Amino acid sequence: MIVPNIILLASSIMVKDLSLPIKWIISGAFATFNEEPFMNRTVKEILWGYEDPFLDFINMILPGKLPFKDKFGLFSDFNNSNTGVFTVNTGIKDITKVQMIDTWNGLTEVDFWHSNQTNMINGTAGQMWPPFRKPSEPLQFYSPDACRSLTFVYKEESEFRGIPTYRYSAPDYLFANGTDYPPNAGFCPCLASGVQNMSSCRFNAPLFLSFPHFYNADPGFVEAVDGLHPNGELHSLFLDLHPLTGIPMNCSIKMQLSLFTKAISGISQTGSIAPVILPVLWFGESGYLDGAVYTTYYNTLVLFPTILDYLQYVLIALGLGFILIALLLPFVQRNQEENPHVPNDIHNSEECPEDSKLLEDPEYGSPGT
């Protein structure tokens with residue numbers, strides 16, 4: 001697979017303001033180690049690292065200056081690594097603050113950016129949020145990979161496999177520049193809206209973060225690179241949250257990493273490359289509740305409340321029935337008291353008057369004769 005040589009192209013941008021003789025030396029070093037602006041590498045090498053003689057040379061003459069030691073790979077530092085130590089609120093005193101970050105690696109704010117607002121560590125670590133969410137409340141979380149706090153906004157009511165949720169998505173201004181959205185000015189220097197300059201927290205490397213295929217970005221980024229087709233269904237992100245508990249049920253996060261490059265005088269390997277934000281890769285991470293965990297949540301959040309909901313109406317109906325019986329019972333008893341049962345012998349005499357007449361008929365004599 002043909003991919004940009006990040007070591008060469010990023011290094012060229014990083015030394016563009018040095019004197020011409022120094023850039024000639026750097027260009028000579030590139031030539032010595034056969035470095036070209038584009039290279040043929042496997043996906044595994046790009047993600048998890050490959051050995052590079054030029055990288056070994058730089059680490060030898062400038063030890064400790066680069067984050068990469070033995071290999072260069074975009075995700076090589078993510079293997080068997082962690083995202084830092086989060087100290088979060090337990091919510092014992094205030095349930096609305098449960099899981100909210102107190103410090104990250106002992107810090108209450110970072111120093112990558114250029115304003116107090118953009119350096120703030122807001123929200124949670126992204127595993128869950130405080131319960132009893134309202135649509136008007138955005139979701140905030142701190143992402144060590146993005147070196148900043150991110151905000152999702154309410155989009156619509158949804159459901160995940162029968163569990164009611166709120167769907168949140170990224171706002172249009174998430175990667176807007178400081179001109180289009182002034183609160184983002186602290187992330188500058190900026191280009192057009194839709195990409196975020198990550199150089200401040202990535203060793204001054206000219207890396208940019210955006211949505212895949214420059215979705216929701218300035219059209220100029222898409223037009224500068226062939227083969228890009230931004231699509232909201234394929235390239236946007238979302239998170240489905242159960243509003244009562246603050247627990248995510250389903251999510252899909254998609255981001256793109258791009259490299260700014262251009263021709264640099266004195267470094268012949270850059271040739272006549274026009275200034276461009278060149279996509280290097282985009283990735284998607286998704287997850288959802290399943291198995292025994294899903295069953296537990298479904299039974300607790302949906303099944304049992306539904307049973308109780310119907311049961312309350314059954315109990316109300318039974319209660320009304322008992323009340324009705326209690327109201328009618330005195331009338332029934334009073335009616336029985338006013339109309340007692342007549343003895344059986346009286347009923348018999350009334351039912352057989354002919355027999356009585358026969359006994360009194362003179363032809364037969366009076367009774368007892």
Side-chain angles (χ1 to χ4, degrees), residues 1-6 8-10 13 37-48 73-75 78 126 139 141 143-153 155-156 158 167-181 184 187-202 205-240 250-262 273-288:
M1 182 172 66
I2 305 298
V3 294
N5 186 338
I6 297 178
L8 187 149
L9 296 176
I13 295 294
F38 295 90
M39 58 184 179
N40 192 350
R41 295 286 181 182
T42 65
V43 173
K44 181 179 179 180
E45 289 175 326
I46 296 169
L47 297 181
W48 304 115
L74 294 173
F75 292 164
F78 291 86
L139 293 185
F141 66 98
S143 170
D145 298 332
C147 306
R148 58 167 289 190
S149 298
L150 299 173
T151 300
F152 290 174
V153 295
K155 182 180 180 181
E156 61 188 0
S158 183
R167 171 156 291 191
Y168 292 83
S169 61
D172 294 340
Y173 56 79
L174 185 64
F175 295 132
N177 61 23
T179 302
D180 293 340
Y181 187 64
N184 281 353
F187 296 120
C188 294
C190 300
L191 299 177
S193 287
V195 298
Q196 180 184 322
N197 190 339
M198 299 292 293
S199 59
S200 296
C201 74
R202 292 292 179 236
L207 297 175
F208 287 80
L209 191 67
S210 70
F211 296 120
H213 288 236
F214 296 119
Y215 169 70
N216 210 22
D218 188 277
F221 295 122
V222 179
E223 295 168 359
V225 180
D226 292 337
L228 298 182
H229 305 285
N231 183 298
E233 184 176 348
L234 298 176
H235 304 135
S236 62
L237 55 81
F238 70 86
L239 187 147
D240 291 338
N250 184 28
C251 68
S252 177
I253 308 298
K254 300 168 185 175
M255 292 290 175
Q256 175 177 290
L257 187 65
S258 302
L259 174 72
F260 175 71
T261 186
K262 66 177 182 177
I273 298 176
V276 64
I277 302 289
L278 191 63
V280 176
L281 62 84
W282 74 268
F283 57 90
E285 296 179 286
S286 61
Y288 57 89

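Since the model is a prediction, treat every value here as computed from it, not as a measurement. Because only heavy atoms are used, hydrogens play no part in the values below, and waters and symmetry mates are left out as well, while side chains stay in.
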Checklist entry - With side chains defined as the heavy atoms from C-beta onward, is the minimum distance between Gln256 and Val195 less than 4.5 Å? => result no
Item to check | Atom of Asp180, atom of Ser193 and distance for their closest heavy-atom approach | outcome: OD2-OG, 2.5 Å
Checklist entry - Just by distance, do the side chain of Asn250 and the backbone of Asp240 share a donor-acceptor pair under 3.5 Å? => result no
Item to check | Donor-acceptor contact present, side-chain Ser143 to main-chain Arg148, <3.5 Å | outcome: no
Item to check | From Ser252 atom OG to His235 atom NE2, the distance as rounded to the nearest 0.5 Å | outcome: 11.0 Å
Item to check | Parallel, tilted or perpendicular, as decided by the 30° and 60° cut-offs, for the rings of Tyr181 and Tyr173 | outcome: parallel
Item to check | Where Pro189 and Asn197 come nearest, the two heavy atoms and their spacing | outcome: O-ND2, 3.2 Å
Checklist entry - Which pair of non-hydrogen atoms, one from Leu234 and one from Lys254, has the smallest distance, and what is that distance? => result O-NZ, 2.8 Å
Checklist entry - Considering only heavy atoms from C-beta outward, does the side chain of Ile273 approach that of Leu278 to under 4.5 Å? => result no
Next on the checklist: Could you check, using the six-membered ring where one of them is a Trp, whether Tyr168 and Phe152 have ring centers closer than 6.0 angstrom?
Outcome noted: no
Next on the checklist: What verdict does the side-chain contact (heavy atoms from CB on, under 4.5 Å) test give for Leu150 and Leu174, after you've listed the backbone C-alpha separation in whole Å, the side-chain angles of each residue and the deciding distance to 0.1 Å?
Outcome noted: CA-CA 8 Å; Leu150 299 173; Leu174 185 64; 4.0 Å; yes
Next on the checklist: Looking at every non-hydrogen atom in both residues, tell me the closest pair between Ala176 and Asn184 and how far apart they are.
Outcome noted: O-ND2, 3.0 Å
Checklist entry - What are the two closest heavy atoms between Pro4 and Leu9, and how far apart are they? => result CB-CD1, 3.8 Å
Can you give the donor-acceptor pairs under 3.5 Å from side chains of residues 207-226 to other protein atoms, not counting sequence neighbours?
{"unit_1": "His213", "atom_1": "ND1", "unit_2": "His229", "atom_2": "N", "d": "2.9"}
{"unit_1": "Asn216", "atom_1": "ND2", "unit_2": "Asp172", "atom_2": "OD1", "d": "3.2"}
{"unit_1": "Asp218", "atom_1": "OD1", "unit_2": "Gly220", "atom_2": "N", "d": "2.8"}

Next on the checklist: Is it true that, when you exclude Tyr288 itself, more than 12 heavy atoms of the residues, nucleotides or ligands shown sit nearer than 6.0 Å to its OH?
Outcome noted: no
Checklist entry - What pairs with Cys201 under disulfide bond (SG atoms under 2.5 Å apart), at least two apart in sequence or on another chain? => result Cys147
Checklist entry - Where is the tightest heavy-atom contact between Ile13 and Thr261, given as atom of each residue plus distance? => result CD1-CA, 4.1 Å
Checklist entry - Where the side chain of Asn40 meets the backbone of Met1, is there a donor-acceptor pair that is under 3.5 Å apart? => result yes
Item to check | Spatial distance of atom OG (Ser258) from atom CE (Met198) [nearest 0.5 Å] | outcome: 11.5 Å
Next on the checklist: Is it the case that the side chain of Asn5 and the backbone of Met39 share a donor-acceptor pair, with hydrogens and angles ignored and the cut-off at 3.5 Å?
Outcome noted: no
Checklist entry - About how many Å separate CG of Leu281 and CE of Met255, when rounded to the nearest 0.5 Å? => result 13.0 Å
Checklist entry - Is Asn177 reaching over with its side chain to a backbone N or O of Leu191, donor-acceptor style, under 3.5 angstrom? => result yes
